[in-house]
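For reference, the structure is listed below as structure tokens.
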Amino acid sequence: MASAMSLSLLNGATPLKSSPLLNKSKLTPQRLRTISCSRLSDSSLSREISLQNQSTVPISCRRRGFDFVPRCGISSNDLPTEKKKSFGEWVEYLGEAVSIAFPVWVSLGCLLGLLRPTTFNWVTPNWTTVGLTITMLGMGMTLTLDDLRGALSMPKELFAGFVLQYSVMPLSGYFVSKLLNLPPHYAAGLILVGCCPGGTASNIVTYIARGNVALSVLMTAASTVSAVIMTPLLTAKLAKQYITVDALGLLMSTLQVILLPVLAGAFLNQYFKKLVKFVSPVMPTIAVGTVAILCGYAIGQNASAILMSGRQVVLASCLLHTSGFFFGYLFSRLLGIDVASSRTISIEVGMQNSVLGVVLATQHFGNPLTAVPCAVSSVCHSILGSALAGIWRRSSSKQLED
């Protein structure tokens, strides 16, 4: 009887009406699955039949409104369901979305500062220092000892990126200033931003461009830490003919807003991981907001002068960053570095920490117009870098398809 029932079920027959052992009122989908599975497991003949007919047995059969499923104990409740995002995951998701739209927010901040300068009257020099310090603290929270160990596995790429960062950009700033015959305050500001380290936005742009993100983080960290020495030294060397440079003041400010926050962030990430995990989702949003506000503030302080000679500053900034992107990639390829790492170096060299330039120019240069190239630079390198990342991302997708 067991063999007959199992054979009937497997072949799609319905002997239910002729069987006195089955009470129609007690037939439920769960009951039928239990009967089918228990009978099949007790009879070796049924197992043989099921194996022979496995390829022809339908997954489910409709008979009298019931589902006959040839599997034991599996129901729709056992299927995986999509997990709802927690509040922290939503915050992290929104932070990433804001970060990807970084050029848009910076452009809006600068446009607002240009059209309504009074919007940023509440911003003070102390506030700019605090904002940048928090941004650098957030960057430090992304670093671990593993990142430092990773630097040892790619010394060639890291060293090449470091040299290009502090040679191509400072020299490009100097020669572009000469080429366009910029006024002294604009020339000093352009050179200053060229001597700044790589910006944190470069990590996001590298990710979009399908570059080497690990190398990007390491290069940003290396150039940021070394900026304590390199930025004041190179600025004083190249810009002294245009304006008096307080090298010692630059050194102390860079130490305060760059090195100490980065080291503090790395320390927290190493020994207080729960705290870092709690606050890190909001750090990208804080960083983007800080950059947009500081750039809008720098533009707003000099809105009338920018409206008169803004085209020259925009052109100078575009030439500076285009030079960084181009020569960063060219020299990397000439050194035999792979395409992904060369793209990363190009982005790192071409994108600067312009907000650092705004803060340093505001605090240590007498003419407020010196900060204008730094603010304009933030918009230019964000737009150019994002466009370049989009081109490289599409080319990478085509290569993968081929």
Side-chain angles (χ1 to χ4, degrees), residues 98-115 117 119-120 123 127-129 131-132 134-136 138-139 165 169 172-173 176 186 188-206 220 223-224 227 231 257-258 284-303 306 310 312-325 347-363 365 368-389:
V98 170
S99 300
I100 292 175
F102 174 78
V104 177
W105 303 120
V106 176
S107 299
L108 289 176
C110 290
L111 185 63
L112 186 61
L114 188 64
L115 299 179
T119 304
F120 299 98
V123 181
W127 194 98
T128 62
T129 302
L132 183 57
I134 295 175
T135 302
M136 290 297 101
M139 179 195 159
Q165 175 74 55
M169 291 302 284
S172 295
V176 168
Y186 286 156
L190 193 70
I191 292 172
L192 173 62
V193 75
C195 296
C196 286
T200 53
S202 61
N203 306 145
I204 302 170
V205 173
T206 298
T220 302
S223 65
T224 299
T231 298
V257 300
I258 294 292
T285 304
I286 292 176
V288 172
T290 299
V291 174
I293 291 172
L294 293 185
C295 290
Y297 167 72
I299 295 293
Q301 292 291 99
N302 309 279
I306 294 172
Q312 192 180 30
V313 179
V314 172
L315 177 60
S317 297
C318 288
L319 289 176
L320 171 68
H321 294 292
T322 301
S323 174
F325 290 127
I347 293 170
E348 283 293 322
V349 173
M351 299 188 70
Q352 301 294 88
N353 191 339
S354 302
V355 181
L356 175 63
V358 172
V359 173
L360 295 178
T362 303
Q363 292 183 350
F365 293 88
L369 289 173
T370 307
V372 172
C374 303
V376 174
S377 164
S378 182
V379 179
C380 291
H381 78 65
S382 298
I383 295 174
L384 292 174
S386 299
L388 184 61

Query raised in the report: Say you draw a straight line from CG of Leu112 to CD1 of Ile293; how long is it, rounded to the nearest 0.5 Å?
Result: 10.5 Å
Query raised in the report: Which atom pair, heavy atoms only, marks the closest approach of Phe325 to Leu384?
Result: CE1-CB, 3.8 Å
Report summary line: Residues Ser377 and Ser317: closest non-hydrogen pair is N-OG, 3.9 Å
**Report entry** Where Thr362 and Ala371 come nearest, the two heavy atoms and their spacing
**Finding:** OG1-CB, 4.1 Å
Report summary line: In terms of heavy-atom contacts, Leu190 and Pro373 come closest through N-CB, 3.8 Å
Query raised in the report: Do you know the tightest heavy-atom contact between Gln352 and Cys196?
Result: NE2-O, 2.7 Å
Query raised in the report: Rounded to the nearest 0.5 Å, how far apart are CD of Gln165 and OG of Ser223?
Result: 5.0 Å
Report summary line: When rounded to the nearest 0.5 Å, the distance separating CE of Met351 from CG of Leu388 is 10.0 Å
**Report entry** Side-chain touch Thr231/Pro197, heavy atoms, less than 4.5 angstrom
**Finding:** yes
Query raised in the report: Taking atom NE2 of His381 and atom OG of Ser354, what is their separation to the nearest 0.5 Å?
Result: 3.5 Å
Query raised in the report: To the nearest 0.5 Å, what is the distance between CG (Asn353) and OG (Ser378)?
Result: 9.0 Å
Report summary line: Here the pair of heavy atoms bringing Thr220 nearest to Ser202 is OG1-OG, 3.5 Å
Query - Ile134 vs Thr290 side-chain heavy atoms within contact, under 4.5 Å - result: no
Report task. Output the distance between atom CG (Leu360) and atom OG1 (Thr370), rounded to the nearest 0.5 Å. Result -> 11.5 Å
